[in-house]
Number of protein chains: 2
Amino acid sequence: MIRLSKLSDYAIVVLTTMARDPANHCGGATFPCGLLAQKSGVPEPTVAKLMKLLAKGGVVTSQRGMSGGYGLARGASDISVADIIAAVEGPISLTECVGGHDDTGCQVERLCAVRGNWDRINTALVGALSSVSLAEMAEPFIPAAYRDGVPRIKEIA
Amino acid sequence: MIRLSKLSDYAIVVLTTMARDPANHCGGATFPCGLLAQKSGVPEPTVAKLMKLLAKGGVVTSQRGMSGGYGLARGASDISVADIIAAVEGPISLTECVGGHDDTGCQVERLCAVRGNWDRINTALVGALSSVSLAEMAEPFIPAAYRDGVPRIKEIA
DNA sequence: AGGATAGAGGACTAATTCTGTCCTGTATAT
DNA sequence: ATATACAGGACAGAATTAGTCCTCTATCCT
């Protein structure tokens with residue numbers, strides 16, 4: 001299974017929480033870690049770790065001092081899932097030997113003529129992750145049965 | 001970094017070796033583990049482990065006994081990278097809570113309204129991995145400078 | 001038939017990576 | 001001045017992965 005680290009998963013959850021919060025409807029709202037932990041259900045130390053990474057990655061802005069906190073660096077539609085993952089986990093790549101890491105001492109290197117071809121897959125992957133924005137992730141999840149105008153139970157009765 | 005396990009990486013390398021081998025030009029050739037290890041540069045015990053998984057996943061066929069070995073189950077163009085990864089690592093999904101795992105005891109579940117939205121990303125990811133075939137991975141890697149008909153050094157002189 | 005080859009299946013150890021937590025230092029608003 | 005809140009790094013425990021090995025079964029060749 002291709003795994004996303006839990007940290008990235010949490011990042012999406014926390015950022016989604018921020019994007020959804022009414023206080024952020026005008027944009028620019030800041031939330032301290034404790035509040036984010038409370039609203040999202042993610043443990044506070046973990047939230048703190050996360051936000052530091054996200055701030056460094058330019059996904060959120062930070063404000064120190066009293067009544068400080070973190071806020072989205074730009075609109076939720078302008079933040080892609082790829083941005084978030086890159087901030088938390090570093091550059092997105094499936095294998096180690098993509099992008100000029102000639103010093104990894106890969107024993108198969110001499111015989112491995114596959115290397116360059118991974119680029120295609122990485123490109124496809126990054127494209128897929130870039131095509132989904134935080135705003136889309138923040139949309140309420142609607143079970144398939146209720147999509148496309150299928151009437152609710154109440155309306156059936 | 002979204003990481004592919006090393007095993008999957010090796011799988012691509014080994015399968016690529018098989019697809020490229022002249023003996024397989026007519027298709028249906030079988031290679032014992034030892035030979036595959038030798039040709040690919042991947043340690044033999046690892047190759048053995050790999051091939052078992054790939055056989056179980058239907059990517060390769062196995063033939064026991066003397067002069068037996070493994071062969072591609074179908075043409076290299078009909079084997080996608082997604083097939084290979086699925087065989088080695090199990091179902092492709094970025095997060096644990098996709099696909100009805102209601103018993104994982106996810107503490108955030110109640111507050112996590114993101115779950116269903118991961119499907120979009122998973123779909124995009126699987127699409128990306130399905131769109132690249134083993135045959136494409138087996139193509140010799142040509143540095144960008146020499147693509148698109150740029151003459152080789154020899155031809156320049 | 002008998003021996004040699006080669007895969008099937010599973011168990012196990014070591015290493016790596018990830019997770020989650022804590023501590024100290026610095027900036028800011030009241 | 002002081003309390004709040006982020007910045008940065010260090011660290012121990014847990015979980016996963018990697019890699020190896022052993023035994024059993026099937027098939028081919030002599």
Side-chain angles (χ1 to χ4, degrees), chain A residues 1-11 13-14 18 29-38 40-71 73 85 87-90 94-96 104-108, chain B residues 1-11 13-14 18 29-38 40-71 73 85 87-90 94-96 104-108:
Chain A
M1 168 167 57
I2 295 187
R3 248 199 22 191
L4 198 63
S5 77
K6 247 178 193 172
L7 223 50
S8 296
D9 195 357
Y10 287 156
V13 172
V14 173
M18 287 174 70
T30 62
F31 306 86
C33 282
L35 187 59
L36 287 174
Q38 195 182 324
S40 65
V42 177
E44 180 170 348
T46 303
V47 172
K49 187 175 191 175
L50 262 178
M51 300 316 283
K52 283 177 225 171
L53 290 168
L54 291 170
K56 194 177 266 179
V59 175
V60 300
T61 54
S62 63
Q63 185 64 36
R64 287 191 174 185
M66 219 172 170
S67 78
Y70 294 98
I85 294 177
V88 175
E89 311 196 29
L94 287 172
T95 58
E96 290 175 13
T104 50
C106 173
Q107 302 167 347
V108 191
Chain B
M1 169 167 57
I2 294 188
R3 247 199 19 190
L4 199 61
S5 78
K6 247 178 193 171
L7 223 48
S8 295
D9 195 356
Y10 288 155
V13 173
V14 173
M18 288 174 68
T30 61
F31 307 86
C33 282
L35 186 60
L36 287 173
Q38 197 183 322
S40 66
V42 177
E44 180 170 346
T46 303
V47 172
K49 187 176 190 173
L50 261 178
M51 299 316 281
K52 284 177 225 173
L53 289 168
L54 291 171
K56 194 176 266 180
V59 176
V60 300
T61 54
S62 62
Q63 185 64 35
R64 288 190 175 186
M66 217 172 170
S67 79
Y70 294 98
I85 294 176
V88 176
E89 310 197 29
L94 287 172
T95 58
E96 290 175 14
T104 49
C106 173
Q107 303 168 347
V108 190

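Side chains are part of it too, since the values below use all heavy atoms of this structure and drop only hydrogens, waters and symmetry mates. Order of the sequence lines fixes the chain letters, A, B, ..., with proteins taken first and strands second; residue numbering starts at 1 for each chain.
The distance from atom NZ of A:Lys6 to atom C1' of D:dG13 is 14 Å, rounded to the nearest whole Å. One atom, CD of B:Glu44, and another, P of D:dC22, lie 14 Å apart when rounded to the nearest Å. Between B:Phe31 atom CZ and C:dT5 atom C1' the separation is 18 Å, expressed in whole Å. Taking atom CG on A:Leu50 and atom P on D:dA7, their separation rounds to 13 Å, with Å as the unit.
A donor-acceptor contact under 3.5 Å is not formed by the side chain of B:Lys52 with the base of C:dG7. Counting atom types as modelled, B:Arg64 pairs a side-chain N or O with a base atom of D:dT25 as donor and acceptor under 3.5 Å.
In terms of position along DNA chain D, the nucleotide closest to A:Gly34 lies nearer the 5' end than the nucleotide closest to the other residue of the pair A:Gly34 and B:Thr46. Take the nearest nucleotide of DNA chain C for A:Leu7 and for B:Pro32: the residue whose nucleotide is more 5' is B:Pro32. Nearest-nucleotide mapping onto DNA chain D: of B:Lys49 and A:Gly69, the residue sitting toward the 5' end is A:Gly69.
Listed nucleotides: C:dT21, D:dC28, D:dG19. Nearest to the side chain of A:Pro45: C:dT21. In this structure, of C:dT21, C:dT19, C:dA29, it is C:dT21 that holds the atom nearest to the side chain of A:Pro43. Of the candidates D:dT4, D:dG19, D:dC6, D:dG19 carries the atom nearest the B:Tyr10 side chain, counting heavy atoms from C-beta on.
In summary, of the residues considered (B:Val59, B:Leu4, B:Leu50), a side-chain contact (heavy atoms from CB on, under 4.5 Å) with B:Val88 occurs for B:Leu50 alone.
Here B:Lys52 contributes atom NZ and B:Ser62 contributes atom OG; the two are 11.5 Å apart, rounded to the nearest 0.5 Å. Summarising the geometry, atom CD1 belonging to A:Ile85 is positioned 9.5 Å from atom CG belonging to A:Asp9; distances are rounded to the nearest 0.5 Å.
Side chains of B:Ser5 and B:Glu89: a donor on one and an acceptor on the other come within 3.5 Å.
In terms of phosphate contacts, A:Tyr70 brings a side-chain nitrogen or oxygen within less than 4.0 Å of OP1 or OP2 of D:dA7. The phosphate of D:dC28 has OP1 or OP2 within less than 4.0 Å of a side-chain N or O from B:Gln63. The phosphate of C:dA8 (OP1 or OP2) has a side-chain N or O of B:Ser62 nearer than 4.0 angstrom.
Residues B:Leu53 and B:Leu7 form a side-chain contact, since some pair of their non-hydrogen atoms from C-beta on lies under 4.5 Å apart.
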